Structures are given as structure tokens and as C-alpha cells.
Amino acid sequence: MSKLRSVCTTTLSLVLAAASSASAQGAVKVGILHSLTGTMAISEITVANAAQLAIDEINAAGGVMGRKIVVVKEDGASDWPTFATKAEKLLTQDKVATVFGGWTSASRKSMLPVFEKNGGLLFYPVQFEGNECSPNIIYTGAQPNQQALPALEWALSKGYKKIFLLGSDYVYPRTANLILKKHITAKKATLSGEEYVALGGTEFSSVINKIKAAKPDVIINTLNGDSNVSFFKQYQAAGYKASTLPVISFSIAEQEAQAIGTGLLNGQYATWNYFQSLPNPANRKFVAAYQKKYGKDAAITDPMAHAYMDVYLWKAAVEKAKSFDPMAVRKAIVGISMDSPLGKITVAPNGSLTQAVYTGVSGAGGQFKVVAQSKGVVKPEPYDTLAFPGKTCP
Amino acid sequence: MDFTFISGQLFTGLSVGSILLLAALGLALSFGLMRVINMAHGEFLMVGGYLTYLAAQWAGPTLGDAWLWAAFPLAFLGAALLGAVMEFTVIRRLYGRPLDTLLATFGISLILQQAARQLFGSTGVPVTAPAWLGGALQLGDVTLPFVRLFVIALALIVLGGMWWLLNRSRFGMHVRAVNQNREMAAALGVNTRSLDLLVFALGAGVAGVAGVGLALIAPVNPTVGAAYIVNAFLVVVVGGVGSVLGGAVAAVLLGFVTALAEGFTSVSLAQAILLVLIVAFLQWKPRGLIPTKSRALEEA
């Protein structure tokens, strides 16, 4: 009797051990680290959803190198030190193969040393101010020369020579505008004014008065988040509209356009690497899949498209490297090229994307219609040659 | 700095002041008269904003641009009801324990923000001012947007209403009596318990009305209240705790100082200049512009 029991126990434990080792062999863990709560949740939840969608699709198609992807989802809670803590947890405790995450530059800068110390790999999907280059981060959002500078070029080509720079008071707008100012001077255009309003600021009377006094041809807008709602409400109340004083924005995508109210934004411009309205087949498939899962009215933005594509980029790099090792993947990813919802993209040696740039005009339902696009794709330049001469990626 | 710009900035000062005043008037009741440090006061503004959105959704199709008039009673009653529930369930148990009140109301403010996020989504909802508020009054080269004039008028009406209620009505007499000496007022037959409830609900309702004004010029989202709470407290403290008139003077004064600082330096620097000036002012007049005489204040 006791012999029978011991045989049973042994068999059971053998089966269990086999099963657990099989699951360890069968699945690969990746992290998704975004703000799911707090002030940034507005933007980041949908970016996390887009990454999750790509992972679900890959799993449904058989996984990566025959292994299913298991997601460890963590909440950065819109708090930059929390991003560092959670990144550390993902790398050392969960031992994830890679992490998809981050939105604000502050969150990225707090995660950067953690990824460098632990030899991890982060896919960062949002446009940013450049001026940074870590071998442990794949920067897929626009570098300044893939959003801010093409927008300036476009404005100048339309004959807008007097430019007013308006932004939120933190690192991205300040750095982006520093670069823009150098190029405005170099192009012999006029900087007619520059103002910064605290993040989340809601009062724009003085700003609008200053704009009125400066009489610019165009406003380049790097305000973040809800401040845009206040700005456009008060801009319109002061009697401005797109035809009298156009605004080109870098942080207003389809989702923000819906929240601002399309009546307020009608005819205004935005520059991105992606718009939901892009007609390529990969995008149509992505939009349909996302809306099937998250609601037929869900708006899809540039950072979401980047996050979705990042997962496929990582898969392609893993398969090229035939390894999940972060540094092997980092090496293999250079030169990988694919037809994504953004169109054709290629990973440059500095870990950023060579990608096209589009300027769109806001119309009905918060959708943008492309009015201008770069000639072909634009190579990423993390360090602007005028603003940061002599600095390059290692 | 030409004449047009300076006149424009003076109007800005008035306009900013009227918004500060709207945000602070409800607080003048709960904090000023009842000494309740209500960190969730901003969320009453937020509730007013969301009710404005709902009024536009519900009444817009039938009433057209007149939906705005439906928003005021809805926002006032909705916020007042929420205030009453809050007073009845939480604040009531914490009178005389300012630190506990601060913590409890901070917790409530987080809960209310998250509730708004769950109900309406974290992106916020669009509210567009009715078309008849779309234009602007042109005085020479100075543009006075109708929506700004409307908010200034709203602040004046709420201020006037509150002044009348506190100084000319029987209810106001009771409020002032309780504020000066709670025990004596109770001994003379004032039901202090129900008065507390009423005053708190009224403060919340006033904040709800302010939320309607804000919705016309600012975003309606879960954190909009938090953006106004600090300035509202500043107005009440600079004005003199407990003084509605002091709050009004302080709001306009802070509005002008902000507009001048923003006009002559940069918008990002102005907030810092304002705070430095307020600290200096409170060193000089710690009880604010128009201090109220009350026993409660002397005890504090």
C-alpha cells in the first residue's frame, strides 16, 4: 500500500516537473510598463493595449520561435521613480526578455540606468526630444528631425515666416524648441515669440495677448495633454481660427483630437510618423484588429502604432538572432526592415527608426487628412547638428 | 509694451481674477466659515464640469444653445448633493480635527477622480461653449471674448448672491452667529448640526456652478479640480479666512498681479513671482487682507 503510494507520488512529481520545465521552455516573458493610473494613463493605457494586441496576434500565430509570449504588465503610475522600480522588478525578478514601455521623457530617463545596469532592452514608442542615445533602448518614436524639423520646413514652404513657439514647461518642449530656434535662425525666418506654461496649466489669456501683440504667421505647439483643451478653447474665443492663425501641434493625435472636440481643432495641423487614416494595407489590418478588440470608435495614434510595431520588430530581431538574449537582439535588430502600419520602416544602427513623416489637417471625427509627407523615409538623428554640434551616438 | 497690450493684460487680470474667485467662493464657505480643510473641493468643480457636459448631451438636442441654462441648476444641485453626502458621512465626524479632515478629504478627492475616470474615461469629455458665446467684443484693438465676459458676470452674480445670503438673510445670520460662537448660537436655538450640513452643501453647490464656467474655457477631465485647488486656497488665505469680501478683493488682486507678471516676464516665471509675493504679503499681514473677527479664529 505504502509502496503504491510512493510510486504514485513519484510519478506525479515527475509529471509535474516535466510540465513545469515544459512551460518554462514553452513560454517567453516580456514586460509591458506603462502608466495605467495617474495623469498619464490617458495616453499610456491605449499604448499598452496596442502592444498587447500585437502579442496576442503573435501568440495566435504560434509565438516567437515556437514559444508563446507571456506578458508581465506593470503600472508606472505616472510617477517616474516608480518606472525605475518596476523596470528593475521586471528585469531581475521576472527576468523578462524585453520591455515595451514609457511615454514621458522623465519616465524614460529614470528607467535608462536600470536597463543599462541589468543589460535589459527597452522599446520606447513615443516621439521625444532626442539628445540621448542608450545601447539598451530602441527609440522608435520620432527623433526631432523626424517631426519638429519637417514641420518647420513645411510651415516655411507654406510661406509662414514668423513663428511663435508655445509649449509646456518641461524637458521635451524646451529641447525641441531649442533645436527649432537654431533652425529658424539658420533659415532666416523670424521667431516672433516663445512661451511656456506649466504642465496641466489651464489659463492662456496672457499667452494669447502676447500672440496677438507678436502677430505670428503660425504657432508651433508643444503643449502636452489637457493644456491643449484650454488653449484651443481660449484661442477660438479670442477670435482666431485655423485660416487666420494656423497651429501645428506635435502632441495632438487622434485620441487627443476627440477629447479636445473636433469643432475646436478643425483645420489645425499635426505632424507625426503615423495617422490612423494612412491607407496602407498593414495599417488597415491593424486598425480593424484594434477596433475589434477595444471598440469600433477607438482612436488610434502614432505612439500606439509604434508600440504595436515594436513587438513585431522585437520578434523579427529574436528570429534573426535565434536568441532571446537582449544584447543579441539589440545587435540583430539593426537593419531589420518591415512593412508596418507606419509604412516601410528600417532600424538604423543607432537603434532608432528610419521612417516617413506626415503632416495632417484635422477634420471630422478627430481624424487627420495627410496634406504633406517627407520625400521617402527620414534617417533618425538623435543629436541635432545645429543645436548639439559634435555629439553623436556611440 | 504698447497701450493695446497693456489694456489686454488688464482685461486678462480681471478675467483670471474672476476664475480664481469662482473657484474660491465655495471654499470661502467650507474653509472660511467652517474651518474644514476640504482637499476634495476641486472635485466639486470637476463634478460641475461633468454635469455641464451631461446637460449639453441631454438638453442640447431639444433646447439647442439654451442647454447652458439647464447646466447651472443641474451642476449646483448635483455638487450640493455630493457635498451633503460627504458632510453627512465623513466631515461631520471630523470637526475640530483639521489634520484628519485634510487626510480624509484628500482620500475622497482621489476616489472622486478615479470615479470620474471610470465613468467618463481618462481622456476627459469635450464641452463647447454655445454659439452665442462664440464672438468677442472689440474695444479698439482690445478683444474681449464673450465667454470671458460671461465668466466675469457669473463670478459677480455668485458673489452678489452669496453676499446677500450671508448678510441679509436669516440663514446668513445663523451662519455668522455659529461662526462667531458656536455654543452661544446653539444655546439660542440654532440647529448647528443641520446648519453645518447646509453650509457645506452650499459651498459644494457654488463650486459646481463654478465648474460650469470653467467648462467653457478649460478642459473637463478627472484632474481639472486639482489644477484649481491650490489657487483657491491662496485666494481664501490672502483674502482673510472667513471673509467673502476679502476673498473677492484677493482674487481680483491676484488676477492682476498674475497678468502683470505674465505680461512683463514670461508665463512660466509668473507663477513663481506670484508665490513669492504671497509669502511676503502673508509675512506682513498673516491674517489676510480683510481679517474677520471671530472667537474661533482667536482660539486657533
Side-chain angles (χ1 to χ4, degrees), chain A residues 35-46 78 166-170 173-174 193-210 212-214 225-240 255-265 299 366, chain B residues 1-2 4-9 11-16 19-20 113-114 117 121-129 133-136 138 141-148 150 214-224 226-228 231 255 258-263 266-271:
Chain A
S35 297
L36 308 176
T37 56
T39 179
M40 287 309 296
I42 166 177
S43 308
E44 289 191 64
I45 287 175
T46 50
S78 307
L166 170 63
S168 294
D169 200 3
Y170 75 110
R174 291 259 181 198
E194 182 184 13
E195 282 295 336
Y196 298 91
V197 174
L199 260 180
T202 53
E203 184 51 64
F204 287 87
S205 293
S206 292
V207 168
I208 287 169
N209 249 341
K210 287 187 170 187
K212 220 167 166 258
D226 312 326
S227 295
N228 280 304
V229 183
S230 307
F231 171 68
F232 280 103
K233 278 185 182 178
Q234 295 168 29
Y235 156 99
Q236 197 179 52
Y240 287 117
Q255 204 170 291
E256 289 77 13
Q258 276 184 1
I260 291 171
T262 45
L264 285 176
L265 211 61
Chain B
M1 295 295 149
D2 58 356
T4 309
F5 180 75
I6 291 174
S7 334
Q9 280 309 96
F11 178 71
T12 296
L14 202 60
S15 161
V16 171
I19 290 162
L20 289 177
Q113 284 179 26
Q114 195 57 40
R117 217 166 264 136
S122 49
T123 336
V125 292
V127 174
T128 319
L133 279 176
Q138 204 68 36
D141 279 342
V142 185
T143 314
L144 312 181
F146 286 145
V147 65
R148 292 277 180 183
F150 184 79
L214 283 185
L216 301 176
I217 54 170
V220 178
N221 63 30
T223 49
V224 65
Y228 285 92
N231 282 336
T258 308
L260 285 180
E262 288 181 342
S266 73
V267 175
S268 48
L269 195 60
Q271 191 69 17

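Just so it is clear: chains get the letters A, B, ... in the order the sequence lines come, proteins before strands, and each one is counted from 1. No experiment lies behind these values; they were computed from the predicted model shown.
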* Are S268(B) and E195(A) close enough, and set up right, to give a side chain to side chain donor-acceptor pair (under 3.5 Å), and what steps lead you there? -> CA-CA 7 Å; S268(B) 48; E195(A) 282 295 336; 5.4 Å; no
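- Within the 4.5 angstrom heavy-atom criterion, atoms from both the backbone and the side chain of V267(B) approach chain A.
- Interface summary for chain A: among T128(B), T143(B), T4(B), V224(B), the most heavy-atom pairs under 4.5 angstrom belong to T143(B).
- Closest heavy-atom contact between A237(A) and P145(B): O-CB, 3.2 Å.
- Within the 4.5 Å cutoff, the side chain of S15(B) has no heavy atoms near those of the Q234(A) side chain.
- In this structure, K212(A) and D141(B) approach most closely via the heavy-atom pair NZ-O, 2.8 Å.
- With a threshold of 4.5 angstrom between heavy atoms, Q258(A) approaches chain B through N, CA, C or O but not through any side-chain atom.
- One distance of note links CZ of R117(B) with CD1 of I45(A); it measures 8.5 Å at 0.5 Å rounding.
- You'll find the side chain of K233(A) reaches within 4.5 Å of the side chain of V127(B), heavy atoms only.
- For I19(B), the part lying near chain A is the side chain, with the backbone staying farther off; criterion is any non-hydrogen pair under 4.5 Å.
- Among the candidates E256(A), E203(A), E194(A), Q255(A), the residue making the largest number of heavy-atom pairs closer than 4.5 Å to chain B is E203(A).
- Smallest separation of non-hydrogen atoms from S230(A) and P219(B): OG-CD, 2.9 Å.
- Residues T202(A) and Y228(B) are in side-chain contact: their nearest non-hydrogen atoms beyond the backbone lie under 4.5 Å apart.
- Here the closest non-hydrogen pair linking K210(A) and E262(B) is NZ-O, 2.6 Å.
- A213(A) touches chain B through its side chain: at least one heavy atom from C-beta onward sits under 4.5 Å away, while N, CA, C and O do not.
- The contact between D226(A) and chain B is made by backbone and side chain atoms together, counting heavy-atom distances below 4.5 Å.
- When all heavy atoms are compared, the tightest approach of G124(B) to A259(A) is O-CB, 4.2 Å.
- Contact annotation for A261(B): neither backbone nor side-chain heavy atoms come within less than 4.5 Å of a heavy atom of chain A.
- Atom OG of S205(A) is separated from atom CD1 of I217(B) by 7.0 Å, given to the nearest 0.5 angstrom.
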